[in-house]
K.L.:
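One structure follows; several queries about it will come next.
Since the model is a prediction, treat every value here as computed from it, not as a measurement.
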Protein chains: 2
Amino acid sequence: MPRPSAPSTPPRASATGRGARTRAAILEAATRVFAVHGYRGGSLAAIAGEAELTQPGVLHHFPSKEHVLMAVLQERDRENVKQLRSGPWHDGGVTALRTLLGLVEDNAIARERVQMFTALVGEGVSAAHPAHDFFVERYAHLRYQLIRALQRGQDAGEFRSDVDMAMIASLVLAAMDGLQIQWLLDDEETMPPRFAVLLDMLVTYLAAEPPAPG
Amino acid sequence: MPRPSAPSTPPRASATGRGARTRAAILEAATRVFAVHGYRGGSLAAIAGEAELTQPGVLHHFPSKEHVLMAVLQERDRENVKQLRSGPWHDGGVTALRTLLGLVEDNAIARERVQMFTALVGEGVSAAHPAHDFFVERYAHLRYQLIRALQRGQDAGEFRSDVDMAMIASLVLAAMDGLQIQWLLDDEETMPPRFAVLLDMLVTYLAAEPPAPG
DNA sequence: GTCTATACCAGGATAGAC
DNA sequence: GTCTATCCTGGTATAGAC
């Protein structure tokens, strides 16, 4: 006589429950598929295949392909943010810039995630794309955080105060994105040393003017 | 008695013949459609609609959608190259960098072309994309040209000689691409002033060391 | 929670009339 | 050189069995 409240397959499928295992597998599979075929070119069937279930199986965990897209973006973005939080990012100034180099180094061994983001942001520049708003907000947020970190450097007297840090922040983010593109298109184009050169230039450029001599 | 060799509709449809008119219209339409929907998301029907003919009409001028893609890329790329050739690019050094700023300024008023390139290079980072090889070669070529221009600056004693210009070239191209992404995602993020800041930093950084004093 | 079967739509390419 | 009509494939999403 089986006990009524102990089914061999637990019914709940909340994000933190045991049902989260296949959900995670789907998001990993979607990362790979979107990296290769983009969102528009990546089929649910392909994702299902990599996650070892069927296409309707995927749609049991996510109501639509668009929901898979947004979940992947949020999940993978969280990883980046966590990486930054773990470093001495909040000290600002040169220390924050060095933390950014660490992020670039981490990306250099995470080709799949980088390629996914590059492929999806390319599609996302169009307002017609479902992830457009996500990327608009993501870049606004990243710039805001970076501007604040640079301004802490100014407040500490580490950086000269006559430079618009909004422009510097844009440039630093731009370099990261652009180096990713070239790296993905040509493995020889390593990112970290190139990004380090930018940081060198930047630190030199931002070095506080010495107190007017004589 | 009609002359046998003067048909009212000329049979030839070479690239320079009278049949090139609709061909150009198709390429313009494809630029717009690919900018908004990318290659994978942009249908021949949509291109046909914008060019004011039917989908099989498009396939009369190009054997396949892929041929349309490659023709658009080559056509629009030619325009960029022409722009560079018209400036004092070949002088190298600071003059070449200033010519690059001119290119960025031209791009800032050519949103459609920029968005098309950004959308397509995003798809193109994947080796599975038909334009992958095009972009690999395009970036290799651009880097090569830029490296040579920077080295002319070194040869002229304008730039210090202890810096690897390959890295600088990568960084400059990266900044251009990355600034385009941010501009497309947020109109407020103007490109030319930000790129100008990079060039400022660069010129300062590359300034030849003064002859060792004392 | 996963499956099979299927409805439904859209895209690329081809055939053939005009 | 452009059209209409059609073929074929592949995609998302849903219904319903297990």
Side-chain angles (χ1 to χ4, degrees), chain A residues 2 5-30 33-34 36-72 123 128-131, chain B residues 6-27 29-30 32-34 36-72 123 128-131:
Chain A
S5 48
S8 61
T9 351
R12 72 191 173 117
S14 77
T16 52
R18 307 194 233 352
R21 260 213 324 273
T22 62
R23 187 193 148 94
I26 290 171
L27 292 183
E28 256 191 56
V33 170
F34 289 157
V36 174
H37 303 288
Y39 169 66
R40 293 189 269 238
S43 72
L44 287 175
I47 295 170
E50 297 237 354
E52 293 185 304
L53 75 170
T54 61
Q55 181 253 5
V58 172
L59 288 182
H60 173 76
H61 293 270
F62 299 91
S64 75
K65 186 186 179 185
E66 204 172 310
H67 282 80
V68 177
L69 171 68
M70 298 314 291
V72 169
E123 294 183 328
H129 195 275
Chain B
S8 60
T9 349
R12 70 190 173 121
S14 76
T16 51
R18 308 196 229 355
R21 258 213 326 272
T22 62
R23 188 193 147 95
I26 290 170
L27 292 183
R32 279 195 293 274
V33 170
F34 289 157
V36 174
H37 300 105
Y39 169 66
R40 292 189 268 240
S43 72
L44 287 175
I47 294 170
E50 296 237 355
E52 293 184 306
L53 74 170
T54 60
Q55 183 252 9
V58 173
L59 289 183
H60 173 77
H61 293 269
F62 299 90
S64 75
K65 187 186 178 184
E66 205 172 309
H67 282 79
V68 177
L69 171 68
M70 298 314 291
V72 170
E123 294 182 329
H129 195 275

K.L.:
Does the protein touch nucleotides 12-18 of chain C at the base, only the backbone, or not at all? Give it as B, S and - per nucleotide, heavy atoms under 4.0 Å.
P.N.:
BBB----
K.L.:
For a 4.5 angstrom cut-off between non-hydrogen side-chain atoms, does A:Phe62 reach A:Leu27?
P.N.:
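Touching, per the 4.5 Å side-chain cut-off.
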K.L.:
Roughly how many Å is it from NE2 in A:His67 to P in D:dT14, rounded to a whole number?
P.N.:
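Taking NE2 of A:His67 and P of D:dT14, I get 11 Å after rounding.
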K.L.:
Tell me every residue that passes ring pair (Phe, Tyr, Trp, His ring centres under 6.0 Å) with B:Tyr39, counting only those two or more places apart in sequence or in another chain.
P.N.:
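With sequence neighbours excluded, B:Tyr39 shows a ring pair (Phe, Tyr, Trp, His ring centres under 6.0 Å) to B:Phe34, B:His129, given in chain and number order.
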K.L.:
Does a side-chain N or O of B:His61 approach OP1 or OP2 of D:dT2 to a distance below 4.0 Å, or not?
P.N.:
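The answer is yes; a side-chain N or O of B:His61 sits under 4.0 Å from OP1 or OP2.
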K.L.:
Distance check: side-chain N/O of A:Thr54 vs OP1/OP2 of C:dT2, anything under 4.0 Å?
P.N.:
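So the side chain of A:Thr54 is outside the cut-off, no N or O lying under 4.0 Å from OP1 or OP2 of C:dT2.
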K.L.:
Which whole-number value in Å describes the distance from A:Ile26 CD1 to C:dG1 P?
P.N.:
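That distance rounds to 11 Å.
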K.L.:
Would you kindly give the CD1-to-P distance between A:Ile47 and D:dA13, to the nearest whole Å?
P.N.:
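Distance check: A:Ile47 CD1 to D:dA13 P gives 11 Å.
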K.L.:
Filter on salt bridge (Lys or Arg N to Asp or Glu O under 4.0 Å), then keep only pairs touching residues 51-68 of chain B, sequence neighbours left out; what's left?
P.N.:
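Found none.
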K.L.:
Nearest whole angstrom, please: distance from the C1' of D:dT2 to the CG of B:Leu53.
P.N.:
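Value for this atom pair: 8 Å.
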K.L.:
Which value, rounded to the nearest 0.5 Å, describes the distance between A:Ser43 atom OG and A:His37 atom NE2?
P.N.:
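Reported to 0.5 Å precision, the distance equals 7.5 Å.
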K.L.:
Is the side chain of A:Glu123 donor-acceptor paired with the backbone N or O of A:Arg40 at a distance under 3.5 Å, no angle test?
P.N.:
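Confirmed, A:Glu123 side chain pairs with A:Arg40 backbone.
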K.L.:
Given atom CG of A:Leu69 and atom P of D:dA13, what is their separation to the nearest angstrom?
P.N.:
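The answer, rounded to whole Å, is 12 Å.
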K.L.:
In Å and rounded to the nearest 0.5 Å, what is the NE2 to CG distance from B:His60 to B:Leu53?
P.N.:
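Those atoms lie 10.0 Å apart.
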